[in-house]
Amino acid sequence: MRQLNGIIPCLTIDGAAAAIDFYKRAFGAEEVSRAEAEDGKRLMHGHIRINGSDLMMWDLFPEYGMSVDAPRGVTIHLEVDDADKWYQRAVDAGATATMPLENAFWGSRYGQLRDPFGHSWAIGSPLKE
């Protein structure tokens with residue numbers, strides 16, 4: 001088993017199983033593990049890997065005091081070798097473009113999306129020579 005260190009984003013999502021399926025289509029995510037809740041409708045735990053990075057998620061459990069607020073100032077950044085390909089793949093899967101993919105002044109290709117679950121994603125890659 002791979003050792004996990006550092007900060008691993010964990011998203012509270014109303015519909016975590018659907019989010020995992022979306023991330024597979026949009027970002028080529030690999031599902032590492034999942035644990036269903038006793039009600040058989042929600043996930044207590046979902047773990048995916050995207051381009052070598054880990055992302056955890058679980059469903060909303062208001063009965064335990066959990067709430068889903070719109071993410072405030074948090075953007076998940078996916079650094080890839082071909083931003084155009086990954087950006088288009090995410091849009092085709094149902095993400096909403098929020099910042100067009102462009103050559104940024106800091107020297108990379110960069111754009112932002114919002115997934116169907118309300119989370120902001122940035123996609124970037126080095127500029128091709």
Side-chain angles (χ1 to χ4, degrees):
M1 176 181 255
R2 191 173 143 220
Q3 176 70 31
L4 298 178
N5 293 307
I7 296 173
I8 300 171
C10 188
L11 306 176
T12 301
I13 298 177
D14 189 12
I20 288 172
D21 292 340
F22 171 79
Y23 297 142
K24 285 179 180 179
R25 289 189 318 276
F27 304 121
E30 166 196 355
E31 186 172 338
V32 177
S33 63
R34 75 166 64 193
E36 290 187 6
E38 291 178 359
D39 64 13
K41 299 176 184 173
R42 299 177 289 178
L43 293 185
M44 290 293 298
H45 163 87
H47 178 181
I48 60 175
R49 190 161 293 134
I50 301 173
N51 199 30
S53 296
D54 294 286
L55 180 63
M56 311 292 274
M57 66 197 68
W58 50 59
D59 268 296
L60 176 64
F61 288 87
E63 64 270 32
Y64 297 116
M66 296 173 72
S67 66
V68 173
D69 290 325
R72 296 185 205 317
V74 173
T75 299
I76 303 165
H77 184 88
L78 182 60
E79 187 69 18
V80 294
D81 58 351
D82 186 348
D84 291 276
K85 177 181 82 173
W86 286 82
Y87 190 92
Q88 189 60 52
R89 179 178 177 162
V91 169
D92 290 347
T96 302
T98 57
M99 179 186 290
L101 191 63
E102 299 179 333
N103 293 344
F105 69 90
W106 57 80
S108 67
R109 190 115 174 101
Y110 181 86
Q112 289 188 5
L113 308 154
R114 184 161 305 277
D115 71 27
F117 307 92
H119 296 281
S120 181
W121 289 77
I123 296 180
S125 66
L127 290 177
K128 296 178 183 175
E129 308 239 348

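Sequential numbering from 1 along the given sequence is applied to the chain's residues. These figures come from a predicted structure and were not determined experimentally. Computed from heavy atoms alone, side chains included, the values below leave out hydrogens, waters and symmetry copies.
- Put simply, CG on Asp59 and CE on Met57 are 10.0 Å apart, with the number rounded to the nearest 0.5 Å.
- Considering CG of Leu101 and CD1 of Ile123, their distance stands at 7.5 Å, rounded to 0.5 Å.
- Rounded to the nearest 0.5 angstrom, Glu30 CD and Ile48 CD1 are separated by 10.0 Å.
- Pairing each heavy atom of Trp86 with each of Gly28, the nearest pair is CZ3-N, 4.3 Å.
- The closest side-chain donor-acceptor pair between Thr12 and Trp58 falls under 3.5 angstrom.
- To the nearest 0.5 Å, atoms CG (Asp39) and CD (Glu63) are separated by 7.5 Å.
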Under 3.5 Å, which donor-acceptor pairs link side chains of residues 16-24 to any protein atom two or more places apart or in another chain?
residue	atom	partner	partner atom	Å
Tyr23	OH	Asp115	OD2	2.5
Lys24	NZ	Glu31	OE1	3.0

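- Of the possible donor and acceptor atoms, none in the side chain of Thr75 sits under 3.5 Å from a partner among the backbone N and O of Ser120.
- Distance CZ/Arg34 to NE2/His45: 10.5 Å, rounded to 0.5 Å.
- Residues Arg25 and Ala93 come closest through the heavy atom pair NH2-O, 3.8 Å.
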- From CA spacing to verdict: side-chain contact (heavy atoms from CB on, under 4.5 Å), Ile76, Ile50: CA-CA 11 Å; Ile76 303 165; Ile50 301 173; over 6 Å; no

Can you list, pair by pair, the side-chain donor-acceptor contacts under 3.5 Å of residues 77-84, counting residues two or more places apart and other chains?
residue	atom	partner	partner atom	Å
His77	NE2	Glu79	OE1	2.7
Asp82	OD1	Asp84	N	3.3
Asp82	OD1	Lys85	N	3.3
Asp84	OD1	Arg109	NE	3.3
Asp84	OD1	Arg109	NH2	3.0
Asp84	OD2	Arg109	NE	3.0

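- Atom CZ in Phe61 sits 10.5 Å away from atom CG in Asp14 (nearest 0.5 Å).
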- side-chain contact (heavy atoms from CB on, under 4.5 Å) between Tyr87 and Leu113: does it pass, once the steps are laid out? CA-CA 8 Å; Tyr87 190 92; Leu113 308 154; 3.5 Å; yes

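- Tyr110 forms part of a hydrophobic cluster together with Met99, Phe105, Trp106, judged by ILVMFWY side-chain heavy-atom separations under 4.5 Å.
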